[in-house]
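By convention in this document, chain letters (A, B, ...) are assigned in the order of the sequence lines, proteins followed by strands, and residues within each chain are numbered from 1.
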Amino acid sequence: MNERRKPYSFDRFEPKWQAIWDARQPFHAANPGDANFDPGKPKFYVLDMYPYPSGTGLHVGHPEGYTATDIIARYKRMNGFNVLHPMGWDAFGLPAEQYAIKTGQHPAITTRENVAKFKAQLKRIGFSYDWQREINTTAPEYYRWTQWIFLQLYGAWCNPQTQKAEPIATYEGDEPDAVRLAYVADVPVNWCPELGTVLANEEVIDGKSEVGGFPVVRRPMRQWMLRITAFAERLIDELAPLDWPDGIKALQRNWIGRSVGAVVQFRIAEGSAGFRPADSGILAGIPETNGKGARKIPAHANKMSALPQITVFTTRPDTLYGATYLVLSPEHPFVDALSTRENAAAVASYRAEIVSKSDLERTDLAQEKRGVFTGAFAINPANDERIPVWIADYVLMGYGTGAIMAVPAHDERDFEFAQKFQLPIREVVAPEPRSNDGGERPCSSPPLVCMVEPGFAMNSPLIDGLPTEAARNTIIEWLEAQGMGQRTVVYKLRDWLFSRQRYWGEPFPIVWRNGQHEALPEGELPVETPALDDFKPTGTGEPPLAKAKDWVRHSESAMRETNTMPQWAGSCWYYLRFCDPRNEERFVGEQAEQYWMGGGKPGGVDLYVGGTEHAVLHLLYARFWHKVLFDLGYVSKPEPFQRLVNQGIILGEDGQKMSKSRGNVVNPDDVIDQYGADAFRCYEMFMGPLEQMKPWSMKGVEGVARFLARVWRLVMEENQAGDWVLASSVQDIKPEKPLLKVLHATIKKVGEDIETLSFNTAISQMMICVNALTNLPVKPVGSLRTFLILLNPFAPHLTSELWQTLAGPFADGAGEIDAQRWPTHDPQLLVEDEVEIILQVNGKVRDRVRVPLGASDVELERIARANVRIAEFTAGKTIRKVVVIRNKLVNFVAT
RNA sequence: GCCAGGGUGGCGAAAUUGGCAGACGCGCCAGACUUAGGAUCUGGUGUCGCAAGACGUGCAGGUUCGAGUCCUGUCCCUGGCACCA
């Protein structure tokens with residue numbers, strides 16, 4: 001593009017101002033204790049979700065949220081806040097490692113190159129980050145503290161009495177390793193042979209790896225786990241006071257998946273099986289503690305009685321009389337022992353079939369229910385009835401107790417199963433209270449449909465006629481009195497699988513001695529990643545770090561842990577490090593943490609902007625770590641992020657998701673080359689509401705560029721040589737009232753809109769203001785200056801340049817524009833002395849008239865009645881009613 | 001199936017407590033200035049209609065003097081969860 005084509009010379013002044021900002025550091029925020037710290041100012045912490053610096057560079061989605069936060073940051077600074085607005089790099093992760101495997105280039109090199117690229121791109125957009133606070137999760141100075149926090153988790157437990165993390169020293173039991181927040185367990189994990197690593201449940205989509213789409217199989221392995229389930233209750237409850245979108249809160253609640261119900265014990269009927277249940281506490285998904293009551297869940301429930309019992313979890317204990325069979329998960333440890341000789345073969349072959357299936361096949365909802373009878377019977381504690389015990393893969397080992405009581409009349413899945421295998425169906429809940437004619441009896445004509453809704457108990461002697469809620473409570477009390485069950489809360493949330501078999505991640509600060517794990521002393525941190533030439537996975541599940549033989553050998557008797565932490569680890573606390581990024585004594589200085597993460601709200605970061613894709617994982621994990629640190633006294637607030645906003649996805653021009661394969665990807669660099677950074681920023685904000693999904697449009701960018709060019713030409717004109725010089729129409733005169741009015745309306749609206757993140761309408765209003773200014777033959781310099789300040793957060797380069805240009809010939813423009821105070825509007829100037837009111841007949845607008853502001857109802861009606869148009873439309877009709885709304889309208893109801 | 005969000009011109013979108021639907025921008029049309037215009041400026045632009053006027057915020061009802069906005073039902077789209085007992 002040649003020079004003449006450029007609407008204004010952004011390519012000259014944008015780099016100029018970026019260089020000035022680099023040199024003068026006007027956006028550096030001082031910490032408490034620093035020489036130039038001003039304690040009189042309130043703080044504002046506005047944070048972006050930091051990026052993974054990929055090889056492909058920024059796409060237009062990144063700068064959407066970044067521009068929004070940049071506008072807020074600049075606006076808040078001009079409003080007298082100390083603003084913390086940092087940026088860093090989430091640089092551990094698979095792509096760099098995959099690249100290393102392919103090319104042999106060390107991930108550290110790839111990372112350094114990518115970070116440089118990203119940083120250059122971000123600077124080109126003119127973001128006002130405090131680059132002195134830049135952090136990188138792969139720097140040993142950073143991950144030293146990630147490892148330190150892990151040690152806090154390892155050295156803590158969650159006290160069920162208080163529901164709070166405490167140092168492990170306060171635990172009085174004899175198995176500290178069973179309660180640590182970081183613990184080792186042999187668990188069936190998502191093993192991805194292709195990637196040579198284990199994946200978290202969240203990283204597996206439809207039985208395939210989220211990264212790469214490779215098949216994933218289940219396989220038991222020794223893994224590090226974090227006991228996030230101990231905080232399930234608080235992670236739900238403490239969402240309430242946060243200013244997050246309701247949808248995100250719902251997503252988190254749903255993910256945690258709290259269900260209130262009861263565990264119920266079913267005795268195994270004598271002579272029905274071999275009574276050799278494996279000794280095992282099997283309550284996946286049930287934390288050690290149980291909500292408010294902090295009761296110990298009977299994890300040993302299955303060995304409480306002399307006789308073997310099957311423990312089930314149900315949310316509908318009121319339907320106990322309708323439980324006509326039990327179903328165990330195929331992986332349930334009792335299965336072998338329960339199976340009778342005649343059924344053993346069928347059971348074994350069914351289990352073999354299930355094991356061979358991928359998660360994808362297994363969870364396919366469309367298929368018919370499958371299962372086999374074990375040959376065993378259990379006793380329903382409510383009515384002592386012998387009911388058959390089946391196994392079926394629709395019962396998941398990972399949730400509840402891995403066993404259910406099937407109530408086919410009132411549960412869709414059980415209903416479907418019972419129909420397929422002709423199991424009895426007994427109705428025990430009626431939509432209306434129903435008189436009971438003599439106790440329960442098997443339904444002679446089983447219901448054709450199952451009713452899952454609450455209703456009134458029937459065929460259930462203990463609770464007949466009671467509404468579901470009351471019936472539920474009565475049954476639970478009865479079960480508890482009998483020692484056959486207990487009120488219980490279970491969660492879908494599982495403990496967090498925290499180890500990965502990867503090279504490019506934080507090593508664990510742990511060594512193994514005589515088969516026992518042990519924390520390294522803090523003095524040995526950071527445990528640095530060993531040098532390695534070959535990053536390939538071992539294929540056996542042993543992590544690549546195991547190849548660094550010298551490194552692994554910590555001492556004569558101790559070997560290092562060779563797993564690494566998942567990518568989430570670094571992002572669980574980066575917002576804390578930003579407060580005090582160079583501290584070598586502590587993960588964050590106390591004073592800095594109290595200042596930036598303090599305030600009157602439960603959450604420390606005032607505004608956090610990022611994509612919805614992190615709605616559950618990152619945000620849940622970070623909240624969990626934060627709570628642990630809070631409980632242990634290291635941070636001052638229980639929640640990390642007070643206000644959360646998700647920016648919407650930007651689609652390609654074709655309305656499709658941007659992707660290389662579709663060829664609809666928009667590169668920010670190209671846009672900036674053509675239209676400049678300010679136009680790029682403003683367009684991203686002008687497209688539509690921040691939180692909404694919206695398609696890119698190059699034409700739209702042009703429109704916004706035109707707007708900025710008009711701003712440029714308000715101040716500048718081309719002389720005969722073709723150079724831009726200060727326009728002669730800019731003069732130091734007093735603005736007329738109409739201009740003042742639109743200017744002050746703009747001050748008001750832009751301020752309000754920035755506060756509510758409605759940047760699109762703020763820009764609309766500024767366009768209106770520019771149109772008004774353009775039409776004036778002489779432009780008052782004071783009004784132009786005020787306008788430039790309003791536009792500055794959106795278009796910082798352009799406004800800086802014009803501000804500086806005006807500073808020469810005119811007085812009163814001291815200092816850079818970003819050091820100016822945000823203007824306040826004068827409400828007096830906005831008051832109209834006349835308003836236009838509309839005249840309606842039967843709700844239809846027939847005319848409009850200008851009347852003095854505040855004209856009385858009587859006056860308005862008089863004016864309306866005298867109106868010709870009104871007379872025309874009411875002619876021949878009777879006026880039934882007149883509605884007068886002051887300063888708005890008069891409506892005649894006529895028939 | 002469940003949860004959340006959303007359906008307004010040719011397009012992106014605006015619209016305090018219910019009170020002029022379509023601000024602002026794109027596109028399009030016309031004009032001005034120009035050797036020229038893919039620059040700039042001015043005016044117009046929801047649909048139908050020559051007009052008066054009628055119609056118009058996914059669809060069908062309802063409340064109201066008055067509904068994009070409130071209520072009931074329904075359809076469609078996007079995102080998330082999905083045999084969670």
Side-chain angles (χ1 to χ4, degrees), chain A residues 4-7 245-251 253-255 257-259 261 284-285 312-316 319 323 327 329 362-367 369 392-396 398-407 410-414 416-417 452 490-494 612-613 615-616 646 648-649 651 655 657 682-683 686-689 691-704 706-707 709-710 713 758 760-768 770-771 774-775 836-848 880-885 887-894:
Chain A
R4 289 292 306 144
R5 277 284 155 78
K6 286 199 166 65
D246 288 339
I248 301 299
K249 288 188 183 181
L251 232 47
R253 269 191 224 104
N254 193 39
W255 188 265
R258 183 177 194 268
S259 291
V312 304
F313 172 73
T314 178
T315 53
R316 292 292 301 274
T319 62
V327 187
S329 161
R362 228 182 119 161
T363 57
D364 184 4
L365 264 168
Q367 63 196 333
K369 291 270 179 296
D393 66 340
Y394 81 91
V395 176
L396 310 175
Y399 181 77
T401 60
I404 62 154
M405 62 179 215
V407 185
H410 305 290
D411 181 283
E412 299 270 8
R413 296 150 301 183
D414 299 341
E416 202 187 312
F417 193 80
V452 297
V490 304
Y491 302 91
K492 282 200 277 188
L493 184 71
R494 309 295 151 78
T612 340
E613 65 271 24
V616 272
N646 295 118
I649 294 169
L651 305 170
K657 211 167 192 161
C682 289
Y683 175 65
F686 187 62
M687 290 173 81
E691 306 191 44
Q692 191 170 304
M693 181 189 292
K694 45 211 178 274
W696 187 267
S697 156
M698 274 309 182
K699 285 288 187 190
V701 184
E702 267 180 53
V704 173
R706 267 204 284 271
F707 157 66
R710 283 157 72 94
R713 289 196 308 270
S758 309
N760 53 332
T761 48
I763 294 173
S764 294
Q765 181 62 39
M766 288 191 281
M767 287 173 166
I768 291 169
V770 167
N771 291 345
T774 301
N775 288 330
E836 191 177 72
I837 64 159
I838 54 170
L839 306 181
Q840 300 181 323
V841 176
N842 293 332
K844 291 201 165 86
V845 181
R846 295 307 180 184
D847 206 359
R848 30 201 104 196
R880 305 277 171 201
K881 188 175 175 186
V882 183
V883 182
V884 182
I885 310 289
N887 297 331
K888 293 265 187 193
L889 61 81
V890 181
N891 184 18
F892 292 90
V893 186

What residues form a side chain to side chain donor-acceptor pair (under 3.5 Å) with A/D847, not counting sequence neighbours?
-> A/N867
Is the shortest heavy-atom distance from the side chain of A/Y399 to the side chain of A/R494 under 4.5 Å?
-> yes
Can you name the nearest heavy-atom pair linking A/V452 to A/H410, along with the distance?
-> CG1-O, 3.6 Å
Heavy-atom closest pair, residues A/P245 and A/E691 | CG-OE1, 4.5 Å
Kindly compute the distance separating CZ (A/R880) from CG (A/N842), expressed to the nearest 0.5 Å.
-> 10.5 Å
For residues A/N254 and A/K492, determine if any side-chain heavy atom of one lies less than 4.5 Å from a side-chain heavy atom of the other.
-> yes
Taking all atoms of both residues into account, what is the closest heavy-atom pair of A/S329 and A/V395, and its distance?
-> CB-O, 3.2 Å
Taking only N and O in the side chain of A/T774, is any of them less than 4.0 Å away from OP1 or OP2 of B/C41?
-> no
Residue A/K694, side-chain atoms from C-beta onward, closest of B/C81, B/G12, B/C83 = B/G12
A/S764, nearest nucleotide to its side chain (from B/A13, B/C24, B/A85) = B/C24
Give A/N775 one of three labels, base, sugar-phosphate or nothing, depending on what nucleic acid heavy atoms sit under 4.0 Å from its own.
-> sugar-phosphate
Residues forming a side chain to side chain donor-acceptor pair (under 3.5 Å) with A/R848, sequence neighbours excluded | none
B/G9 glycosidic torsion: syn (within 90° of 0) vs anti | syn
For atom CG of A/L651 and atom P of B/G6, their distance in whole Å = 17 Å
Interface polar pairs with nucleotides 53-57 of chain B, N/O, under 3.5 angstrom:
| residue | atom | partner | partner atom | Å |
| --- | --- | --- | --- | --- |
| B/G53 | OP1 | A/R869 | NH1 | 3.1 |
| B/G53 | OP1 | A/R869 | NH2 | 3.2 |
| B/A54 | OP1 | A/R846 | NH2 | 3.2 |
| B/A54 | OP2 | A/R846 | NH1 | 3.2 |

Do the side chains of A/R713 and A/T774 get nearer than 4.5 Å, heavy atoms only?
-> no
Which pairs, protein N/O on one side and nucleotides 77-80 of chain B N/O on the other, fall under 3.5 Å?
none

Could you give the CG-to-P distance, from A/N887 to B/U16, as a whole number of Å?
-> 18 Å
Listed by chain and number, what are the salt bridge (Lys or Arg N to Asp or Glu O under 4.0 Å) partners of A/D411, not counting sequence neighbours?
-> A/R413
With the side chain of A/T761 defined as its heavy atoms from C-beta on, choose the nearest nucleotide among B/C83, B/A85, B/A14.
-> B/A14
Taking atom C1' in both B/C76 and B/U57, compute the distance separating them and give it to the nearest angstrom.
-> 16 Å
In whole Å, what separates the P atom of B/U35 from that of B/A51?
-> 38 Å
Please measure how far the P atom in B/G22 lies from the corresponding atom in B/A14, and state the result in whole Å.
-> 15 Å
Do nucleotides 25-33 of chain B as a string where each nucleotide becomes B, S or -: B if the base has a protein heavy atom under 4.0 Å, S if just the sugar-phosphate does, - if no protein is that close.
-> SSS------
Check the pair A/V704 / A/I763 against side chain to side chain contact (heavy atoms under 4.5 Å, CB included), numbers first and verdict last.
-> CA-CA 9 Å; A/V704 173; A/I763 294 173; 5.7 Å; no
Under the ring pair (Phe, Tyr, Trp, His ring centres under 6.0 Å) test, which residues partner A/F417, sequence neighbours left out?
-> A/Y325, A/W390, A/Y394, A/F421
Pairwise P distance for B/C83 and B/U17, with rounding to whole Å = 41 Å
Mind checking the C1' distance from B/A36 to B/U40? Whole angstroms is fine.
-> 14 Å
Expressed as a whole number of Å, how far does the P atom of B/U8 sit from that of B/U78?
-> 14 Å
Atom CE of A/M766 and atom P of B/A23 are separated, to the nearest Å, by 19 Å
Return the value, rounded to whole Å, for the distance between atom NZ of A/K369 and atom P of B/C83.
-> 9 Å
Would you indicate what A/N760 reaches in the nucleic acid, counting non-hydrogen atoms under 4.0 angstrom: base, sugar-phosphate, or nothing?
-> sugar-phosphate
Rounded to the nearest 0.5 Å, what separation is found between the NZ atom of A/K694 and the CZ atom of A/F686?
-> 13.0 Å
Excluding sequence neighbours, so at least two apart, what forms side chain to side chain contact (heavy atoms under 4.5 Å, CB included) with A/N887?
-> A/V835, A/L853
Counting any heavy atom closer than 4.0 Å, what does A/P689 reach on the DNA or RNA strands: base, sugar-phosphate only, or nothing?
-> sugar-phosphate
All side chain to side chain donor-acceptor pair (under 3.5 Å) counterparts of A/T315, not counting sequence neighbours | none
What's the CD-P distance between A/Q692 and B/U8, to the nearest Å?
-> 10 Å
Show each protein N/O and nucleotides 19-21 of chain B N/O combination with a separation under 3.5 Å, one pair to a line.
| residue | atom | partner | partner atom | Å |
| --- | --- | --- | --- | --- |
| B/G19 | N2 | A/Q840 | OE1 | 3.4 |
| B/C20 | O2 | A/R848 | NH1 | 2.1 |

To the nearest 0.5 Å, tell me how far A/R846 CZ sits from A/L839 CG.
-> 11.5 Å
With a 4.5 Å heavy-atom cut-off, do A/T319 and A/M405 have their side chains touching?
-> yes
Residue whose nearest RNA chain B nucleotide is more 5′ - A/I248 or A/Y683 = A/I248
Report yes if at least one side-chain N or O of A/R713 is closer than 4.0 Å to OP1 or OP2 of B/C41; otherwise report no.
-> yes
What interatomic distance, in whole Å, is found between C1' of B/G58 and the corresponding atom of B/G9?
-> 15 Å
Pairing pattern in dot-bracket form [Watson-Crick, G-U; both distances under 3.5 Å; | = partner strand] for RNA chain B = (((((((..(((......[....)))((((((.......))))))(((....)))..(((((..]....))))))))))))....
By side chain to side chain donor-acceptor pair (under 3.5 Å), A/S764 pairs with (sequence neighbours left out) none
Using the C1' atom on both, measure B/C55 against B/G37 and round to a whole Å.
-> 40 Å
